[in-house]
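So you know, we letter chains A, B, ... as the sequences are listed, proteins then strands, and number each from 1. Everything quoted here is computed from the prediction, not taken from an experiment.
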Amino acid sequence: MEFLNSFHTFAKNFDPPLYFSIIQREEIEQKAMEYNFKKIEQKWQEYWKTNKTFQVQADSERPKFYVLDMFPYPSGAGLHVGHPLGYIASDIFTRYKRQNGFNVLHPMGYDAFGLPAEQYAIQTGQHPAVTTDRNIKRYREQLDKIGFAYDWSREVRTCDPGYYHWTQWTFIKMFNSFYNKKTRKAEGIDLLVNHFEISGTQNLEAACTEEMDFSASDWKGYSEKEQQLLLLNYRLAYLAETMVNWCSALGTVLANDEVKEGLSVRGGYPVEQRQMKQWLLRVSAYSERLLDGLNTIEWTESLTEIQKNWIGRSEGANMLFPVKDHDFTIEVFTTRADTIFGASFMVLAPESELVDTLTTPEQRNAVDEYIEQTKKRTERERLAEVKRISGVFSGNYAINPFTREEIPIWISDYVLAGYGTGAIMAVPAHDSRDFAFAKHFGLKIVQVVVQPGDSESDPAGWDDSFDAKEGIMVNSDFLNGLSVSDAIEKTKQEVEKRDLGQIKVNYRLRDAIFSRQRYWGEPFPVYFKDGVPYVMDEDQLPLELPDVDKYLPTEKGEPPLGRANNWSTRDGYPIELSTMPGFAGSSAYYLRYMDPWNKKALVSKEANSYWRDVDLYIGGTEHATGHLIYSRFWNKFLYDLGYVCKDEPFRKLINQGMIQGRSSFVYRIKDTNTYVSKGIKKQHKTTAIHIDINLVNNDILDIDAFKKSNPEYNNAEFLLEDDKYICGWALEKMSKSMFNVVNPDDIIETYGTDTLRLYEMFLGPLEQSKPWDTHGIDGVFKFLRKLWRLFHQNNEEFSISSADPTLAELKVVHKTIKKVSDDIERFSFNTSVSAFMICVNELTDLKCNNKTILESLLVLLSPFAPHIAEELWQALGQTESIADAQWPSLNEDYLKEDQIEYPVSFNGKMRFKIELPADMPKEDIEKAVMAHETAKKWLDGKAPKKIIVVPKRIINVVI
RNA sequence: GCCCAGGUGGCGGAAUUGGUAGACGCGCUGGACUUAAAAUCCAGUGGCCAUUAGGCCGUGCCGGUUCGAGCCCGGCCCCGGGUACCA
């Protein structure tokens with residue numbers, strides 16, 4: 001080698017052709033024995049592609065398994081190392097299940113409609129389809145390099161007419177359905193019409209926007225238009241005038257899960273409440289089933305908790321309060337019926353329809369002014385001013401149905417129109433919001449609950465309300481002396497008995513606003529006749545997205561589709577101008593993967609009854625309140641109509657954690673061009689500046705590279721410590737603006753994708769957030785080379801022994817079979833990687849090159865590092881892909897130990913170890929321990945009080 | 001505020017049912033090979049005390065249960081996520 005190297009230099013200077021022939025030969029000689037990941041990975045990716053290794057078909061002979069990744073939105077920025085984390089995990093599980101005899105469906109596609117592509121189109125004029133296509137191509141290239149076992153023949157794109165055909169089809173089905181509360185499922189709207197024709201709304205239990213009351217003859221007397229408008233009150237997809245989240249920066253309405261803290265999730269623009277006519281999906285009809293379904297699926301505790309909170313079930317009562325000198329009542333919802341005797345005023349939401357009727361002439365001006373004020377405030381301001389108390393007296397009084405007392409009716413925006421009935425009975429003594437309101441406006445406060453053992457006090461002297469969840473009732477007539485929970489029950493009974501209201505379960509979950517005033521989404525298969533919406537016939541689908549000249553609203557303020565030519569039916573009726581939101585296309589994509597080529601149905605009965613549901617779903621927790629609610633709703637709807645066979649779509653769900661970026665900083669001394677190393681920065685006033693992580697190695701700044709990176713740094717001066725510039729660092733979101741993005745392509749270029757895959761898994765538990773630090777990657781890269789050397793003794797040619805494996809070798813590999821199988825089953829991939837390292841270290845120590853042993857090891861490793869596994873598998877003489885190999889079976893006999901090295905503790909502290917036969921009886925173990933030299937020292941002449949022997953585990957001597 | 005998850009060496013993390021705390025890897029230190037470097041290999045690496053032998057302390061903090069607690073119970077602190085006038 002030394003000769004070659006010096007010859008190198010020599011040849012380079014004199015004879016180019018000679019130089020090249022030498023270097024080529026050198027490479028061949030070296031690479032024959034070295035781990036050449038580039039060649040290997042390319043080779044096997046091509047092999048899988050040409051042999052269609054991962055294409056699957058329904059096969060009733062084999063059990064199915066469906067592994068799904070949440071499909072990505074293909075953004076322009078491409079993938080960073082955080083994106084593939086979940087994909088790698090699901091890929092490992094896919095390959096593992098396959099090797100255990102399952103027919104595994106593992107598809108991938110793109111959530112391709114969405115705002116960013118459209119925003120980009122507005123800026124550049126390019127059609128979003130073009131940029132989306134380009135982004136998808138880039139994504140695909142990046143994904144392909146990682147060597148996933150996807151069946152790409154099943155790819156779906158939500159923006160493809162062949163795909164959104166079925167999104168539109170489902171919408172039509174929803175439009176033509178209502179929710180029957182008696183049967184607890186969706187049914188055809190014709191059944192509802194039937195019911196109206198026979199008995200009007202009598203005995204009707206249907207989910208609706210507003211309770212209605214009419215007779216059969218009323219119904220028959222209505223015009224076609226009146227009937228159609230009335231049916232919207234019951235349809236599962238319906239058009240209604242409601243309060244919506246309007247985002248003027250995006251020019252569209254947003255669903256509740258698309259708004260966070262008064263700002264749009266995409267872009268962070270302000271959002272305000274507005275009354276608008278919009279399409280909605282009656283998700284709320286399914287509240288109960290969405291909640292109950294959570295008990296039947298294996299999701300993480302935290303995720304089911306988020307969904308439970310979002311659905312927000314609360315048990316209580318709707319109670320009626322008569323209004324003084326009027327013949328109507330105000331209905332309130334309360335979970336604390338027991339505190340009724342403390343209800344000393346009522347509050348209406350400013351949007352409540354009752355406000356107008358209940359305002360007295362004297363109060364009219366004040367009320368109008370207040371309503372105007374609250375309208376002006378955006379959602380954001382309302383949230384920011386939660387503590388600011390505001391409200392106005394309506395001038396009217398209600399009668400407390402239990403105390404018969406007159407109580408004033410107020411109007412305030414701390415009561416929400418959208419929850420319960422939009423009106424409350426205020427119990428200031430026991431509700432902090434009511435308390436603050438009463439204090440502010442000087443309203444009456446009555447204590448009705450005392451803490452057990454406490455006595456009543458004057459609420460006027462209180463600083464805070466007593467929000468009592470338990471306690472004893474006082475000042476409450478027939479409830480006095482009861483506990484809170486007993487009193488709640490008793491009051492509910494009393495309310496029903498006296499006909500003052502009814503027991504009611506309320507849900508926080510709202511119907512989903514389903515239209516967007518945007519271009520890049522699915523058009524609604526809806527047209528308008530005389531202002532009434534009708535859905536198109538199914539044979540007209542797909543209704544393709546038309547071209548427009550600009551991706552902006554029209555001058556009239558209509559959505560972009562208002563610019564399309566001839567956007568009307570053949571009969572000339574105008575077509576809906578909104579498009580569907582992002583969650584429309586992602587709500588049933590898992591079904592489409594089962595049968596993506598089907599032109600006649602979303603999914604065929606056969607395909608659906610074989611693949612059934614997703615067995616393992618991996619994706620981010622950010623979809624907890626959006627996609628994961630909508631798709632469960634969507635699926636339940638299709639289930640009700642008999643199109644799918646499973647009520648819940650995702651049996652097991654895992655959230656992969658975020659991979660955080662590790663940003664680097666330099667510290668500039670204020671108003672200078674001098675940078676001070678981290679350890680000595682305290683002596684100066686400094687500003688931390690983000691710098692590109694490629695300029696830093698082990699927190700040491702590459703000063704030359706830093707100077708060259710930006711003209712601004714050209715003349716920079718440095719204050720060093722130990723002749724080095726040490727950078728600061730912080731964990732932040734991986735993003736361009738933090739200069740901390742790590743691209744998987746670069747990692748693959750340097751180390752190969754098997755190393756990338758292993759390292760992503762090795763970083764830590766799948767579900768945890770963890771920082772990316774490329775430095776640690778050497779460890780797994782070294783591991784793969786060490787594995788390679790097991791097959792290539794002394795850096796020589798490939799050499800393998802076919803002899804019978806030794807017991808020691810068998811023990812090592814079976815220990816690994818057990819560990820890795822267990823780990824994969826519980827998604828503990830980081831510990832599997834460490835088990836592989838231990839295995840290879842031990843086999844290296846045993847100088848093992850045994851074929852049987854190494855074959856098993858390769859199969860175990862192949863889900864994690866498939867390329868190197870295939871290469872070595874082939875080298876061992878195998879002709880089939882390792883993806884089709886049988887997962888090795890565990891033989892526990894090899895793991896049995898004859899000798900146990902017992903740790904011996906004294907009072908719980910480990911003092912020494914003693915080697916004893918595994919089957920030694922307890923009494924003999926005690927004797928053996930007592931006889932031990934070191935034991936005598938710790939006993940110090942005393943007799944032990946007790947000796948605890950846990951067979952095969954530990955011995956503890958109590959003194 | 002409420003709900004959920006978490007806090008272990010310089011760093012990422014391990015400890016699956018209450019049973020040897022710190023597996024595995026990074027980093028660091030020393031050594032072998034080499035003219036040298038890279039690669040590779042060997043040894044060490046929680047803190048403190050001690051020449052050694054060895055000892056003491058140690059899983060956010062305080063207390064408890066237990067022969068034995070990183071793990072269970074009670075209280076508190078901190079970080080992350082969800083939600084936010086939900087009656």
(message) From the set B:A87, B:C24, B:C67, return the single nucleotide nearest to any side-chain atom of A:Lys946.
(response) B:C67
(request) Sticking with atom P, work out how far B:G18 lies from B:C57, rounded to a whole angstrom. (result) 26 Å
(message) With rounding to the closest Å, how many angstrom separate the C1' atoms on B:U45 and B:A36?
(response) 28 Å
(request) Dump the intermediate steps for side chain to side chain donor-acceptor pair (under 3.5 Å) on A:Asn841 and A:Lys786, then the final yes or no. (result) CA-CA 8 Å; A:Asn841 287 345; A:Lys786 201 163 176 179; 2.8 Å; yes
(message) Check this one for me: any side-chain N or O of A:Lys952 less than 4.0 Å away from OP1 or OP2 of B:U20?
(response) no
(request) Kindly say whether the aromatic ring centers of A:Trp410 and A:Phe437 come within a distance under 6.0 Å. (result) yes
(request) Find which nucleotide of RNA chain B each of A:Val833 and A:Ile948 is nearest to by heavy atoms, and output the residue with the more 5' nucleotide. (result) A:Val833
(message) If the cut-off is 4.0 Å, is A:Arg508 near the phosphate of B:A84, judged by side-chain N/O to OP1 or OP2?
(response) yes
Quick test: give all pairs of protein nitrogen or oxygen and nucleotides 12-16 of chain B nitrogen or oxygen below 3.5 Å, distance rounded to 0.1 Å.
from: B:G12; atom 1: O2'; to: A:Leu763; atom 2: O; distance (Å): 2.4
from: B:G13; atom 1: O3'; to: A:Asn830; atom 2: ND2; distance (Å): 3.4
from: B:A14; atom 1: OP1; to: A:Asn830; atom 2: ND2; distance (Å): 2.9
from: B:U16; atom 1: N3; to: A:Arg826; atom 2: NH2; distance (Å): 3.4
from: B:U16; atom 1: O4; to: A:Lys819; atom 2: NZ; distance (Å): 2.6

(message) With rounding to the closest Å, how many angstrom separate the C1' atoms on B:G63 and B:G81?
(response) 30 Å
(request) Pick the C1' atom in B:G7 and in B:G55, then give their distance to the nearest Å. (result) 30 Å
(request) Find the distance A:Ile330:CD1 to B:A87:C1' and express it as a whole number of Å. (result) 15 Å
(request) Output yes when a side-chain donor or acceptor of A:Asp338 lies under 3.5 Å from a complementary backbone atom of A:Ser485, and no otherwise. (result) no
(message) For A:Glu842, run the salt bridge (charged side-chain N to carboxylate O under 4.0 Å, His left out) check against A:Lys847, A:Lys815, A:Lys811 and tell me which one passes.
(response) A:Lys815
Enumerate all atom pairs, one protein N or O and one N or O from nucleotides 38-41 of chain B, separated by less than 3.5 Å.
from: B:U40; atom 1: OP1; to: A:Arg785; atom 2: NH2; distance (Å): 2.9
from: B:U40; atom 1: O3'; to: A:Arg789; atom 2: NH2; distance (Å): 3.3
from: B:C41; atom 1: OP1; to: A:Arg789; atom 2: NH2; distance (Å): 3.0

(request) Applying side-chain contact (heavy atoms from CB on, under 4.5 Å) between A:Ile925 and each of A:Val904, A:Ile947, A:Ile900, A:Leu916, report the one that passes. (result) A:Leu916
(request) Determine whether the aromatic ring centres of A:Tyr751 and A:Tyr759 lie less than 6.0 Å apart. (result) no
(request) Would you give the length of the straight line joining atom OG1 of A:Thr755 to atom CZ of A:Phe37, rounded to the nearest 0.5 angstrom? (result) 7.0 Å
(request) For B:G9, measure the glycosidic angle (O4'-C1'-N9-C4 for a purine, O4'-C1'-N1-C2 for a pyrimidine) and name it syn if it falls within 90° of 0, otherwise anti. (result) syn
(message) Salt bridge check, A:Lys913 against A:Glu915: does any charged N sit closer than 4.0 Å to a carboxylate O?
(response) no
(request) Could you work out which one of B:C4, B:A23, B:U83 sits closest to the side chain of A:Lys260? (result) B:U83
(request) Would you sort out whether A:Glu892 and A:Lys818 count as a side-chain contact (heavy atoms from CB on, under 4.5 Å), showing the intermediate values? (result) CA-CA 9 Å; A:Glu892 298 261 8; A:Lys818 187 179 164 79; 3.6 Å; yes
(request) Whole angstrom is fine here: how far is it from CG in A:Asp773 over to C1' in B:C26? (result) 8 Å
(message) Using the C1' atom as the point on both nucleotides, what is the distance between B:C49 and B:C41, in whole Å?
(response) 34 Å
(request) Indicate whether any N or O donor in one side chain lies under 3.5 Å from an N or O acceptor in the other, for A:Tyr370 and A:Ser390. (result) yes
(request) Determine whether A:Leu653 and A:Ile297 make a side-chain contact, defined as any pair of heavy atoms from C-beta on separated by less than 4.5 Å. (result) no
(request) State which of B:G19, B:G25, B:A87 makes the closest approach to the side chain of A:Leu416. (result) B:A87
(request) Give the dot-bracket string for RNA chain B, reading 5' to 3', where a pair is Watson-Crick or G-U wobble with both distances under 3.5 Å, ( ) marks pairs inside the strand, [ ] marks pairs crossing earlier ones, | marks a partner on another strand, and . marks unpaired. (result) ((((.((..(((......[....)))((((((.......))))))((((....))))..(((((..]....))))))).))))....
(request) Kindly point out which of B:U20, B:A84, B:C26 is positioned nearest to the side chain of A:Trp310? (result) B:A84
(request) Would you indicate which nucleotide in B:C24, B:G54, B:C85 comes nearest to any side-chain atom of A:Lys937? (result) B:G54
(message) I'd like the C1' distance from B:G9 over to B:G22, given in whole Å.
(response) 7 Å
(message) Measure NZ/A:Lys922 against P/B:C67 and give the value in whole Å, please.
(response) 15 Å
(message) According to side chain to side chain contact (heavy atoms under 4.5 Å, CB included), who are the partners of A:Val265, at least two apart in sequence or on a separate chain?
(response) A:Lys260
(request) Sticking with atom C1', work out how far B:U34 lies from B:U40, rounded to a whole angstrom. (result) 12 Å
Quick one: which protein N/O atoms are closer than 3.5 Å to N/O atoms of nucleotides 57-63 of chain B? Pair and distance per line, please.
from: B:C57; atom 1: OP2; to: A:Lys909; atom 2: NZ; distance (Å): 3.4

(request) Look at A:Ser314 and B:A87 and indicate whether a side-chain polar atom (N or O) is within less than 4.0 Å of OP1 or OP2. (result) yes
(message) The side chain of A:Arg953 is closest to which nucleotide in this list: B:G19, B:C4, B:U20?
(response) B:G19
(request) Using a heavy-atom cut-off of under 4.0 Å over every strand shown, decide if A:Thr334 touches base, sugar-phosphate, or nothing. (result) sugar-phosphate
(request) Kindly say whether A:Phe864 contributes a backbone atom to a donor-acceptor pair with the side chain of A:Arg757 at under 3.5 angstrom? (result) yes
(message) Pick the closest RNA chain B nucleotide for A:Glu305 and for A:Asp431 by heavy atoms, then say which residue is nearer the 5' end.
(response) A:Glu305
(request) For the pair A:Arg510 (side chain) and A:Arg508 (backbone), establish whether a donor and an acceptor sit closer than 3.5 Å, ignoring hydrogens and angles. (result) yes
(request) Determine: side-chain N/O of A:Arg911 to OP1/OP2 of B:C56, distance under 4.0 Å, yes or no. (result) yes
(message) I want to check one thing: is the phosphate of B:U66, taken as OP1 and OP2, less than 4.0 Å away from some side-chain N or O of A:Asn956?
(response) no
Listed pairs under 3.5 Å, donor-acceptor, residues 416-432 of chain A side chains, sequence neighbours left out:
from: A:Tyr419; atom 1: OH; to: A:Ser314; atom 2: OG; distance (Å): 2.8
from: A:Thr421; atom 1: OG1; to: A:Glu331; atom 2: O; distance (Å): 2.6
from: A:Thr421; atom 1: OG1; to: A:Ala423; atom 2: O; distance (Å): 3.4
from: A:His430; atom 1: ND1; to: A:Phe466; atom 2: O; distance (Å): 2.9
from: A:His430; atom 1: NE2; to: A:Val448; atom 2: N; distance (Å): 2.9
from: A:His430; atom 1: NE2; to: A:Val449; atom 2: N; distance (Å): 3.1
from: A:Asp431; atom 1: OD1; to: A:Arg433; atom 2: N; distance (Å): 2.9
from: A:Asp431; atom 1: OD1; to: A:Arg433; atom 2: NE; distance (Å): 3.2
from: A:Asp431; atom 1: OD1; to: A:Asp434; atom 2: N; distance (Å): 3.0
from: A:Asp431; atom 1: OD2; to: A:Arg433; atom 2: NH2; distance (Å): 2.5

(request) Please state the P separation for the pair B:C26 and B:C76 - nearest whole angstrom. (result) 43 Å
(request) Would you kindly give the CE-to-P distance between A:Met910 and B:U20, to the nearest whole Å? (result) 9 Å
(request) Could you tell me the separation between the CE atom of A:Met930 and the NZ atom of A:Lys936, rounded to the nearest 0.5 Å? (result) 10.5 Å
